[in-house]
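Below, each value reflects all heavy atoms present in this structure, side chains not excepted, and no hydrogens, waters or symmetry copies.
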Amino acid sequence: MDLFELLFKQKCHTDYSFHWKAVFLCHFFGGLQGGVISPVLANLFLHYAFDKWMERNNPQNPWARYADDGIIHCKTKEEAERLLGKLGQRFRECGLELHPDKTKIIYCKDNKRTGNHQEITFDFLGYSFRPRSAQTREGERFLNFLPAVSRKASKAMHQTMRGWKLHRKTDEELADIAKIVNPVIRGWVNYYGSFYKSAMHPILRKLNQCLIRWVAKKYKRVNGRQKQAQNWLAKIAQCEPRLFIHWQMGITPTIR
């Protein structure tokens, strides 16, 4: 089940979801007790321990899983609590346990589900699912339960950008910098921009700051001044708006 189908079924059929993470206790994986194993091994084992078990015993509950991380949707809190107990028993039978801190029941709060619950957000596949402001085609604002890029994924993207060390690539031209970063940015936007694309904007604006720093380092006439570097880059963006993937989205530097 892909993320789009997961979201659709959650919105249409369920009020509660629970997010679980498995801890492997068995030694036959060649690791320490409770240690991390590869997603491939986790997939192979949990296909039997979880996937087939859910298909046989709980076909009415939509679910999604990647490696040792999963989501199950339930119509009521009571159903979620019962299924969580059954899953814990199943995992123990298979030499697994549910992670005590990362397994929790979440209330999928929105404008129609207005109850109170301590847990109203979870992270899955690089997205954070939580209540967010949304807008109808008529322009009316309402509360919806939606995914957007998670803080953890955002932090990883920031670290990737820092690793590029663009400000040191002063022997390159701007077109060369675009060739370096565009394939990565395109992948980020295609994946994390599938839902609530505006949550990606701070990351893309950060990339503009990296480019401004590059300009300030490269061109003597700018002389290291951020304002002049930003204005120079903003003029380039006006002339070549398709040079960078995020410029094509309208995330361009502005003239100060």
Side-chain angles (χ1 to χ4, degrees), residues 1-8 10-11 14-23 36 38-39 42 63-73 80 98-111 113 116-135 141-167 181-213 244-247 249-253:
M1 181 188 302
D2 63 25
L3 193 60
F4 295 91
E5 188 178 356
L6 167 73
L7 177 66
F8 174 77
Q10 173 269 312
K11 288 175 65 177
T14 65
D15 287 352
Y16 287 86
S17 299
F18 73 82
H19 176 216
W20 59 266
K21 191 171 185 66
V23 178
V36 176
S38 74
W63 57 271
R65 179 184 64 79
Y66 176 75
D68 60 351
D69 202 14
I71 298 292
I72 303 176
H73 297 309
L98 293 169
H99 195 291
D101 299 323
K102 296 182 180 180
T103 301
K104 56 185 179 180
I105 295 174
I106 301 98
Y107 181 59
C108 304
K109 188 171 185 176
D110 60 16
N111 65 320
R113 295 174 283 209
N116 293 318
H117 195 282
Q118 184 177 357
E119 301 287 353
I120 57 172
T121 181
F122 65 90
D123 286 4
F124 187 58
L125 297 179
Y127 281 89
S128 285
F129 290 73
R130 65 174 177 84
R132 301 178 190 275
S133 177
Q135 185 172 316
R141 307 298 299 184
F142 69 101
L143 189 67
N144 203 353
F145 193 81
L146 294 172
V149 58
S150 68
R151 289 184 180 180
K152 184 177 180 180
S154 297
K155 184 178 179 180
M157 285 185 273
H158 281 302
Q159 290 175 339
T160 297
M161 286 192 289
R162 285 197 295 269
W164 287 334
K165 295 181 172 60
L166 296 183
H167 63 285
V181 307
N182 272 346
V184 179
I185 300 302
R186 183 181 292 109
W188 289 348
V189 170
N190 286 346
Y191 183 72
Y192 294 111
S194 296
F195 297 100
Y196 221 82
K197 187 176 290 187
S198 61
M200 286 286 295
H201 292 180
I203 300 162
L204 302 176
R205 286 194 288 266
K206 178 66 176 178
L207 177 56
N208 281 335
Q209 292 300 314
C210 294
L211 295 174
I212 290 168
R213 188 181 180 191
F244 288 92
I245 296 298
H246 65 297
W247 287 6
M249 299 167 56
I251 311 300
T252 58

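When the side-chain contact (heavy atoms from CB on, under 4.5 Å) test is applied to Lys197, the partners found at least two apart in sequence or on another chain are Met249. Listed by chain and number, the residues in a side chain to side chain donor-acceptor pair (under 3.5 Å) with Trp247 are Asn208 (sequence neighbours excluded). Applying the side chain to side chain donor-acceptor pair (under 3.5 Å) test to Lys21 and every residue at least two apart in sequence or in another chain returns Asp68. Every residue two or more places apart in sequence or in another chain that forms a side chain to side chain donor-acceptor pair (under 3.5 Å) with Arg141 is listed here: Ser133, Gln135. With sequence neighbours left out, Tyr196 forms a ring pair (Phe, Tyr, Trp, His ring centres under 6.0 Å) with no residue at all. Applying the side chain to side chain donor-acceptor pair (under 3.5 Å) rule to Asp69 yields the partners His19; only residues at least two apart in sequence or on another chain are considered. Legend: residues meeting side-chain contact (heavy atoms from CB on, under 4.5 Å) with Tyr66, ordered by chain and number and at least two apart, are Pro39, Leu125. Every residue two or more places apart in sequence or in another chain was checked for a salt bridge (Lys or Arg N to Asp or Glu O under 4.0 Å) with Lys109, and none qualifies.
Side-chain contact check for Gln209 versus Ile212: some heavy-atom pair is nearer than 4.5 Å. At least one side-chain heavy atom of Ile72 sits less than 4.5 Å from a side-chain heavy atom of Trp20. Proximity of Tyr192 to Ile203: side-chain heavy atoms (C-beta onward) are nowhere separated by under 4.5 Å.
Atoms CD1 and CZ, from Ile106 and Arg130 in turn, are 14.5 Å apart once rounded to the nearest 0.5 Å. Here Arg113 contributes atom CZ and Asn144 contributes atom CG; the two are 8.0 Å apart, rounded to the nearest 0.5 Å. Separation of atoms CH2 (Trp188) and CG (Leu204) is listed at 8.5 Å; rounding is to 0.5 Å. Once rounded to the nearest 0.5 Å, the distance linking CD1 of Ile245 with CG of Leu207 reads 11.0 Å. Interatomic distance, Tyr107 OH to Asn116 CG, rounded to the nearest 0.5 Å: 8.0 Å. The OG1 atom of Thr252 lies 8.5 Å from the NE2 atom of His246; values are rounded to the nearest 0.5 Å.
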Asp15 and Cys108: CA distance, side-chain angles, deciding distance, side chain to side chain contact (heavy atoms under 4.5 Å, CB included) verdict: CA-CA 5 Å; Asp15 287 352; Cys108 304; 6.0 Å; no

Ser17 vs Phe129, side chain to side chain contact (heavy atoms under 4.5 Å, CB included): CA-CA, chis, key distance, verdict: CA-CA 11 Å; Ser17 299; Phe129 290 73; over 6 Å; no

Glu119 and Ile105: CA distance, side-chain angles, deciding distance, side chain to side chain contact (heavy atoms under 4.5 Å, CB included) verdict: CA-CA 7 Å; Glu119 301 287 353; Ile105 295 174; over 6 Å; no

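Residues Ser128 and Arg151 share a closest heavy-atom pair of OG-N, 4.3 Å. Nearest heavy atom pair, residue His117 against residue Tyr16, reads CD2-CE2, 3.6 Å.
Aromatic ring orientation, Phe122 versus Phe145: tilted (interplanar angle from 30° to 60°).
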N/O donor to acceptor pairs below 3.5 angstrom from side-chain atoms of residues 152-167, sequence neighbours left out:
residue	atom	partner	partner atom	Å
Ser154	OG	Ser150	O	3.0
Thr160	OG1	Ala156	O	3.1

